[in-house]
Every structure is written in structure tokens, then in C-alpha cells.
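Here is the structure we will look at, set down as C-alpha cells.
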Amino acid sequence: MTSLRGTVIYRDLATNPAPHLTADAHTDPAAHTPAQAAAFAHRLTLIDELENADAVLIGAPMYNYSIPSTLKAWLDNTVLVGRTAGMENSKLKGTPVTVAASRGGSYAPGTPREGSEYVQNYLTAVLADALALDVNFIVPEL
Ligand SMILES: Cc1cc2nc3c(=O)[nH]c(=O)nc-3n(C[C@H](O)[C@H](O)[C@H](O)COP(=O)(O)O)c2cc1C
């Protein structure tokens, strides 16, 4: 019998947060100072990790109608135009991503709070539209 083993990388953004994106990490690599190069290198570590994943599971509890700021910081680091975004054929294209989008209430279509749902619509824009990932949501609510 053959057994297949994979590697699971667990990135806990609460205990090990990605830094907020600063101007240092957001400048042209061709003109980097040492400080800017270090900040940019950290972005590339997160991007490499994502690009090498065969599949991704993201926990995205709703915090005040939107995603946790820790997840936003990670996304700001990993969305890099010319590498992960704005590309016809990036390494991320088609990678399956499942988002567990839990929330205390319900924001389902037809409910009174439907218009206050800024998790699924936002993550669809970033993960599917910008990063070309193949996104699927699981929504535990109430
Ligand atoms: C700071 C904070 C803000 C929250 N904001 C919302 C919210 O706007 N809407 C909502 O339905 N639930 C909200 N929740 C509830 C979380 O989404 C919920 O606790 C989370 O999805 C995990 O589910 P669990 O508590 O059943 O494990 C909030 C929780 C916290 C801690």
C-alpha cells in the first residue's frame, strides 16, 4: 500500500503577525536602500510560501463586518503587482483556496444584514479577482 504524505504549513497570524505594509516594503526593488530591501525580502518570504502551496485554507472570522486586520496585513504583503497580481499567468493562478468565513450573525442573501457583509465580497475581489486563486467559501454563521 502506498501512502502519500504532504507538508502542512500553519501560519498563525495572531501570534506571528505579518507586518503592516510600509513605504519601505512598497518601493521599486531596483532602487532599494538596505532597509527597504529587508522589508521587501519579508514580503517575498510570504509570497514564496503562498506560491509553493498546492492548496490553501484561510480562517476568516468576521470582525466588525470585515476581515481581521491581521489577515489584511498578510494580504497587503502578498498582493504584489507584477508578481502575484496583474499577471496573465502567475504561479498562483488556479490554486484552490478554501475560506472558513465564520460569523456570529447571518449576512446571507435576503437577510436584513446582507448589505453589511464585507468578508466574502472583499476576499473574492482580492483572492479571486486580483490573485486569480480558485476560491471556495465555507460560511459557519449564527
Ligand atoms: C472583535 C470581534 C468582532 C466581531 N464582529 C462581528 C460582526 O461584525 N458580525 C458578526 O456576525 N460576528 C462578529 N464577531 C463574532 C465572530 O465572527 C465569531 O466569534 C467568529 O466567527 C468565531 O466564531 P465562534 O465564536 O463561534 O468560534 C466578532 C467577534 C469579535 C471577537
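It should be emphasised that the depicted structure is a prediction, and the values quoted were computed from it without experimental measurement. In each ligand, atom 1 is the first atom listed, and ligand 1 is the first ligand listed.
Side-chain N or O atoms of Arg103 include none that pairs as donor or acceptor with a backbone N or O of Glu141 at under 3.5 Å. At distances below 3.5 Å, at least one donor-acceptor pair connects side-chain atoms of Thr84 with backbone N or O atoms of Thr78.
Ranked by closest heavy atom to atom 2 (C) of ligand 1, the top entry among Tyr63, Tyr118, Tyr107 is Tyr63. Nearest to atom 11 (O) of ligand 1 by heavy atom, out of Pro61, Ser66, Ser102, Gly105, is Gly105.
In this structure, atom 28 (C) of ligand 1 lies nearest to the protein heavy atom Met62 O, 3.3 Å. Among all non-hydrogen protein atoms, the one lying nearest atom 8 (O) of ligand 1 is Tyr65 N, 3.0 Å.
Using a 4.5 Å heavy-atom cutoff, the side chains of Ile58 and Leu71 are in contact.
Note: the hydrophobic cluster containing Leu131 does not contain Leu21 (ILVMFWY, side chain heavy atoms under 4.5 Å, direct or indirect links). One hydrophobic cluster, built from ILVMFWY side chains closer than 4.5 Å, cannot hold both Met87 and Leu92; they sit in different ones. A continuous path of hydrophobic side-chain contacts links Met62 to Tyr122 [ILVMFWY only; heavy atoms under 4.5 Å].
By the definition of a contact as any protein heavy atom under 4.0 Å away, atom 21 (O) of ligand 1 is in contact. At a distance under 4.0 Å, a protein heavy atom can be found next to atom 17 (O) of ligand 1. Distance remark: protein heavy atom not present below 4.0 angstrom from atom 26 (O) of ligand 1. The presence of a protein heavy atom under 4.0 Å from atom 5 (N) of ligand 1 is confirmed.
The atoms of ligand 1 that sit less than 4.0 Å from any heavy atom of Gly104 are 10 (C), 11 (O), 12 (N), 15 (C), 17 (O).
Within the structure, side chain to side chain donor-acceptor pair (under 3.5 Å) pairs that include any residue of residues 47-62 comprise Arg11-Glu49, Asp48-Arg83, Glu51-Arg83 (at least two apart or interchain).
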